[in-house]
Peer 1: 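One structure coming up, written as structure tokens, with questions to follow.
Everything quoted here is computed from the prediction, not taken from an experiment.
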Amino acid sequence: MHDGDIPCSISAEVAQRAGLAPSALRFYERRGLIESAGRTGLRRAYRPEVVARLALIHCAKSAGFSLAQIGRFLASTPKDVELRRTMAKRATELDHEIERLQTMRDSLKHAAVCTHTSLVECPKFKANFRELVR
């Protein structure tokens, strides 16, 4: 055990729980996005909260953030005004992207049961996309 007997997991276990290759953990550690709690023999050990941090990193990457931006976010303080502006702008962009994706999801659900000969000519299907350009 390390750090006052806080339970730690070896890198292979953490990687499996996070759905990553162990090499990704080493990469993120080199970039300063996560840190190990030490070693168990030859293997790196990680605290339990690293899995949640890896989920945050994955989610942020999926939202279009670079690893450099994620690193800034993880190290940010309330005084980082520029970063807060960037996050607010990206949140607004994500709102628009979510709206587009929901429209596409709803349209696909409708198309799956629609009886029109040409699915894309269905008035309901077409109306969904007209709403997006307003």
Side-chain angles (χ1 to χ4, degrees):
M1 296 273 175
H2 306 304
D3 289 359
D5 291 334
I6 296 172
C8 295
S9 298
I10 60 171
S11 58
E13 293 169 355
V14 172
Q16 183 179 19
R17 288 178 49 208
L20 298 169
S23 60
L25 299 182
R26 293 187 297 274
F27 176 75
Y28 290 154
E29 191 173 340
R30 283 192 306 274
R31 297 292 302 257
L33 301 175
I34 62 172
E35 76 180 52
S36 70
R39 291 191 177 270
T40 301
L42 296 175
R43 298 178 182 168
R44 285 178 173 87
Y46 295 93
R47 291 181 191 87
E49 62 268 14
V50 166
V51 176
R53 180 168 277 215
L54 290 167
L56 169 62
I57 292 166
H58 177 73
C59 186
K61 281 179 56 182
S62 297
F65 286 94
S66 69
L67 290 179
Q69 290 170 320
I70 295 167
R72 279 192 62 213
F73 172 71
L74 292 173
S76 69
T77 67
K79 294 180 181 178
D80 193 341
V81 177
E82 180 186 338
L83 181 61
R84 286 174 174 263
R85 257 185 257 152
T86 300
M87 291 189 308
K89 179 182 176 201
R90 185 63 184 132
T92 299
E93 292 168 356
L94 286 171
D95 285 339
H96 296 300
E97 189 174 335
I98 289 166
E99 181 182 358
R100 285 191 305 275
L101 290 170
Q102 287 175 329
T103 296
M104 189 68 213
R105 178 203 58 208
D106 294 346
S107 298
L108 291 173
K109 283 182 176 182
H110 173 73
V113 297
C114 183
T115 58
H116 277 79
T117 303
S118 172
L119 295 174
V120 295
E121 292 302 319
C122 169
K124 183 173 181 178
F125 187 87
K126 289 168 74 171
N128 285 340
F129 294 99
R130 277 195 299 272
E131 291 177 16
L132 279 181
V133 294
R134 288 185 183 163

Peer 1: Just list the side-chain donor-acceptor pairs under 3.5 Å for residues 119-127, sequence neighbours left out, or say none.
Peer 2:
{"from": "Glu121", "atom 1": "OE1", "to": "Lys126", "atom 2": "NZ", "distance (Å)": "3.1"}

Peer 1: Could you check if a side-chain atom of Leu20 sits within less than 4.5 angstrom of a side-chain atom of His58, using non-hydrogen atoms only?
Peer 2: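 A side-chain contact under 4.5 Å is absent here.
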
Peer 1: How far does CG of Leu74 sit from OH of Tyr28, to the nearest 0.5 angstrom?
Peer 2: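 Between Leu74 CG and Tyr28 OH, I get 11.0 Å after rounding to 0.5 Å.
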
Peer 1: According to a 4.5 Å side-chain heavy-atom criterion applied to Ile, Leu, Val, Met, Phe, Trp and Tyr, with indirect links allowed, do Leu56 and Leu67 form part of one hydrophobic cluster?
Peer 2: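 Leu56 and Leu67: one cluster.
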
Peer 1: Evaluate the criterion side-chain contact (heavy atoms from CB on, under 4.5 Å) for residue pair Glu97 and Arg100; output intermediate values, then yes/no.
Peer 2: CA-CA 5 Å; Glu97 189 174 335; Arg100 285 191 305 275; 3.6 Å; yes

Peer 1: Where is the tightest heavy-atom contact between Glu35 and Glu29, given as atom of each residue plus distance?
Peer 2: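 Shortest heavy-atom separation between Glu35 and Glu29 comes out as CA-CG, 4.3 Å.
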
Peer 1: Could you tell me if the side chain of Arg72 sits less than 4.5 Å from the side chain of Phe65, heavy atoms only?
Peer 2: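 No, every pair of side-chain atoms sits at 4.5 Å or beyond.
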
Peer 1: Between Arg31 and Ile70, is a side-chain contact (heavy atoms from CB on, under 4.5 Å) present by the stated rule, with each step listed?
Peer 2: CA-CA 10 Å; Arg31 297 292 302 257; Ile70 295 167; over 6 Å; no

Peer 1: Determine the minimum heavy-atom distance between Ser11 and Tyr46, stating which atoms define it.
Peer 2: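 Ser11 and Tyr46 have their closest heavy atoms at CB-CE1, 3.6 Å.
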
Peer 1: Nearest 0.5 Å, please: how far is CD in Gln102 from CG in Asn128?
Peer 2: 11.5 Å

Peer 1: With rounding to the nearest 0.5 angstrom, report the CG to CG distance, Leu101 to Asp106.
Peer 2: 11.0 Å

Peer 1: What closest approach, in Å, do Ala15 and Ala21 show between heavy atoms, and which atom pair accounts for it?
Peer 2: CB-C, 3.9 Å

Peer 1: Counting only heavy atoms not in His110 (residues, nucleotides, ligands), do more than 12 fall under 6.0 Å from its NE2?
Peer 2: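 Buried by this count: over 12 neighbours within 6.0 Å.
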
Peer 1: Just list the side-chain donor-acceptor pairs under 3.5 Å for residues 86-93, sequence neighbours left out, or say none.
Peer 2:
{"from": "Thr86", "atom 1": "OG1", "to": "Glu82", "atom 2": "O", "distance (Å)": "3.1"}
{"from": "Arg90", "atom 1": "NE", "to": "Ala63", "atom 2": "O", "distance (Å)": "2.7"}
{"from": "Arg90", "atom 1": "NH1", "to": "Glu93", "atom 2": "OE1", "distance (Å)": "3.2"}
{"from": "Arg90", "atom 1": "NH2", "to": "Ala63", "atom 2": "O", "distance (Å)": "2.2"}
{"from": "Thr92", "atom 1": "OG1", "to": "Ala88", "atom 2": "O", "distance (Å)": "3.2"}

Peer 1: Do the side chains of Leu33 and Phe27 get nearer than 4.5 Å, heavy atoms only?
Peer 2: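 No, too far: nothing below the 4.5 Å cut-off.
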
Peer 1: In the structure I gave you, are the side-chain heavy atoms of Ile57 and Ile34 within less than 4.5 Å of one another anywhere?
Peer 2: yes

Peer 1: Would Arg84 and Asp80 count as a side-chain contact (heavy atoms from CB on, under 4.5 Å) if you check the C-alpha gap in whole Å, the side-chain angles of each, and the deciding distance to 0.1 Å?
Peer 2: CA-CA 6 Å; Arg84 286 174 174 263; Asp80 193 341; 5.5 Å; no

Peer 1: Rounded to the nearest 0.5 Å, what separates atom CD in Gln16 from atom CD in Glu13?
Peer 2: 8.0 Å

Peer 1: Look at the side chain of Thr40 and the backbone N and O of Arg43, then say whether any donor-acceptor pair between them is shorter than 3.5 Å.
Peer 2: no

